[in-house]
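Have a look at the structure below before the remarks.
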Amino acid sequence: MAELIEPVMVKPLVSAGMVTKTVDVTSQAARRIVGELGLREMTGREGFERGE
């Protein structure tokens, strides 16, 4: 998990895909990590999620 610190400090807006590749976990685990650490996740689906 230490390898995730630098990318998050450089770019506080992360994607689950970036977390998946950086710490070699499943996408489900990556989303859980993003939520537990309180990171801002970019999904590319923001407008869809808000019904726009």
Side-chain angles (χ1 to χ4, degrees):
M1 190 84 77
E3 60 269 13
L4 187 58
I5 294 172
E6 185 177 340
V8 169
M9 296 301 288
V10 172
K11 186 185 283 188
L13 188 63
V14 300
S15 69
M18 187 271 294
V19 174
T20 299
K21 291 177 184 175
T22 302
V23 294
D24 194 29
V25 295
T26 66
S27 59
Q28 183 178 6
R31 285 190 299 274
R32 194 168 45 243
I33 290 168
V34 168
E36 288 178 4
L37 295 178
L39 302 174
R40 292 181 55 202
E41 181 180 10
M42 66 178 167
T43 62
R45 301 179 314 205
E46 189 172 3
F48 176 77
E49 291 172 354
R50 291 190 312 214
E52 295 178 356

Ignoring hydrogens, what is the shortest heavy-atom contact between [X] and [Y]? Give both atom names and the distance.
| X | Y | answer |
| --- | --- | --- |
| Glu41 | Val34 | CB-CG1, 3.7 Å |
| Ile33 | Val25 | CD1-CG2, 4.3 Å |
| Met18 | Val14 | CE-CG1, 3.1 Å |
| Ala30 | Ala16 | CB-O, 3.4 Å |

Problem - Distance (rounded to the nearest 0.5 Å) between Ser15 OG and Arg40 CZ - result: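 Taking OG in Ser15 and CZ in Arg40, the distance rounds to 13.5 Å.
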Problem - Atom pair OG1 (Thr20) and CD (Gln28), whose distance is rounded to the nearest 0.5 Å - result: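 Taking OG1 in Thr20 and CD in Gln28, the distance rounds to 10.5 Å.
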